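Below, chain A is the first sequence line, B the second, and so on; all start at residue 1. Keep in mind it's a predicted model, so treat the numbers as computed, not measured.
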Number of protein chains: 2
Amino acid sequence: MGALPRYQEIAGELRAAIYRGEYQPGDNLPQRVDLMNRYGVSKETVSKVYRVLEAEGLVQATRKSGTRVRRHPERLQLTRERTAYRDEIGYFFDLSAQHWRALGPVEINRAPAPGEIARLLDISPGTEVVIRDRVMGDPDTGRVFQLTASYLPADLVDELPVLESVDTGPGGIYDRIEEAGHGPLTWYERLSARAATAREVKLLALAPGVPVQRIVRTSTDPRGKVCEINAISLSAELHEIGYPIERHPSARPST
Amino acid sequence: MGALPRYQEIAGELRAAIYRGEYQPGDNLPQRVDLMNRYGVSKETVSKVYRVLEAEGLVQATRKSGTRVRRHPERLQLTRERTAYRDEIGYFFDLSAQHWRALGPVEINRAPAPGEIARLLDISPGTEVVIRDRVMGDPDTGRVFQLTASYLPADLVDELPVLESVDTGPGGIYDRIEEAGHGPLTWYERLSARAATAREVKLLALAPGVPVQRIVRTSTDPRGKVCEINAISLSAELHEIGYPIERHPSARPST
DNA sequence: CAGTGGTCTAGACCACAAC
DNA sequence: TTGTGGTCTAGACCACTGA
């Protein structure tokens, strides 16, 4: 027996075969019973093999018709602008997602701030914040594309109760915050990724093993107080974020 | 019995308890035997529960001392500039990662282009390309931070054999490509994320369930030919990519 | 060296989707 | 209807690691 457990070895062989192109997207992989015989292992072990590959997003199993190599969908190019625009409804940060709308009403709750958010808001973890949750998507097809959560520190909401109401008026929370003397806000975005939560898998209809891409935007007032954090989750399989690179004078073309 | 399998139900309860803060980072979760008794399930089922939570990057098991809620490391802010710089060694696209160096020699191979790369190079999948693989990291600690692969179409390498050699001279492949009449190159970057491959888990020392962030840069010559694709994999847990947002005139401050 | 996680089995049963 | 994936068990054994 090698250093790796049996099921990892078998997963490795199948993975390599997929990368070599022996199994093309859409092809069926050997079914459970065949692998049991071929490698002389039990059904549970074979299941473990396929669970590993499924968690990697490589294969997809359907009852009766077998386990297939996944076809990866084309990625939607999400040209994330580094510029904030504003229209009659409010602010937007994304030219290519301009037609997405909230599917259903905003959900507003008070809850302890998750660790990452507390750190960015510069409050101690577990402190209560106001959370405005939105499910965004294509209003025509009803397809969900992103989950948005807006985190507001409790002291700011006490000062500005409108932030806890469903309709925050023209220009949305940013205009209200700026009117209350916190303007002009400056924005900063951070891009990261992590494994999907159960909620994200369900709402974004993620295939097993697909991570989410995160866009976390902080809004800071001129005194340096972080007034809001806006966290977006997107399917990492469906989206990519693109931008052109400019040449610095040090990188002059040599033609 | 509900709609979900038993192990998913139990995983859900533990997950919720972690989010509620009943188990803090560093705390021990109940051990296998306790959960067997509490829920009246077998050891394999309990293992499956913890395998789910581990794949989500929520918990980490160590023999003898139990299964703990993971502490997530601080993210290294990777301020990805939108500007290409150049020094005596070559081009760089990342101010904050300037001191990273190749750990070990470049590995150069000819292999069929993976689907994603073929699409960007505008060649049919499986066409042979030249791949230059590098492992980058901190030269002092030896810690690996990113895997870099540079994909070059075979016809360009036939025209410019130096692209297949280890030392490509001052300014690297970009200067060689531009000197050969393909300059000035224009660059475009795409950010995405996906589940880690086995190689990435090993080389980047990723914890189970941690995805990789991908930065894929295309270099295009003035005639529109894509001359190179540079694909970087980073631990999504360790890095985030940040940038400030500017105000468009439409988003004037309302103070 | 004992305790905990990790792997594996043989066999049972369920549930869904294609036929 | 039936074949396929999916779940679960009871019990065995291994392997690492912290006291």
**Fill in**
Separation of D:dC8 atom C1' from B:Arg6 atom CZ, nearest Å, is 11 Å

**Fill in**
Between B:Ser150 and the options B:Arg217, B:Arg134, B:Glu228, the side-chain contact (heavy atoms from CB on, under 4.5 Å) test singles out B:Glu228

**Salt-bridge contact B:Glu44-B:Arg51 (side-chain N to carboxylate O under 4.0 Å)** = yes

**Message:** I need a per-nucleotide contact map over nucleotides 11-19 of chain D, read 5' to 3'. Cutoff is protein heavy atoms under 4.0 Å; write B for the base, S for backbone only, - otherwise.
**Reply:** ----BBBB-

**Message:** Salt bridge check, B:Arg214 against A:Glu240: does any charged N sit closer than 4.0 Å to a carboxylate O?
**Reply:** no

**Message:** How many whole angstroms separate atom CD of B:Gln60 from atom P of C:dG6?
**Reply:** 10 Å

**Asked** Does a salt bridge link A:Glu54 with A:Arg70, judged by any charged N lying under 4.0 Å from a carboxylate O?
**Response** no

**Request:** Let me know the distance between CZ of A:Arg51 and P of C:dT7, rounded to the nearest Å.
**Result:** 11 Å

**Rounded interatomic separation in angstrom, taking OH from A:Tyr50 and P from D:dT7** = 16 Å

**Item:** Residue pair A:Arg194 / B:Glu237, side-chain heavy-atom distance below 4.5 Å
**Value:** no

**Request:** Measure up the A:Phe145 and A:Trp100 rings against each other and bin them: parallel (under 30°), tilted (30 to 60°), perpendicular (over 60°).
**Result:** parallel

**Request:** Report the nucleotide, chosen from C:dG6, C:dC8, D:dC8, that has the shortest atom-to-atom distance to any side-chain atom of B:Glu54.
**Result:** C:dG6

**Prompt:** How long is the line joining CD of B:Gln8 and C1' of D:dG6, in whole Å?
**Reply:** 11 Å

**Message:** Distance check needed: D:dT9 C1' versus B:Lys48 NZ, whole Å only.
**Reply:** 10 Å

**Request:** Taking the side chain as every heavy atom from C-beta outward, state whether B:Gln146 and B:Met136 have any atom pair closer than 4.5 Å.
**Result:** yes

**Complete:** Within residues 30-38 of chain B, the residues having a heavy atom closer than 4.0 Å to DNA chain D are none

**Asked** Is any side-chain nitrogen or oxygen of A:Tyr7 closer than 4.0 Å to OP1 or OP2 of C:dT7?
**Response** yes

**Request:** Write down the distance between CG (B:Leu29) and P (C:dT4), rounded to a whole number of angstrom.
**Result:** 15 Å

**Prompt:** CG of A:Leu4 versus C1' of C:dC8: gap in Å, rounded?
**Reply:** 16 Å

**Request:** Could you tell me the separation between the OH atom of B:Tyr50 and the OG1 atom of B:Thr67, rounded to the nearest 0.5 Å?
**Result:** 5.0 Å

**Prompt:** If only atom types and distance count, is the side chain of B:Glu200 paired as donor or acceptor with the main-chain N or O of B:Thr197 below 3.5 Å?
**Reply:** yes

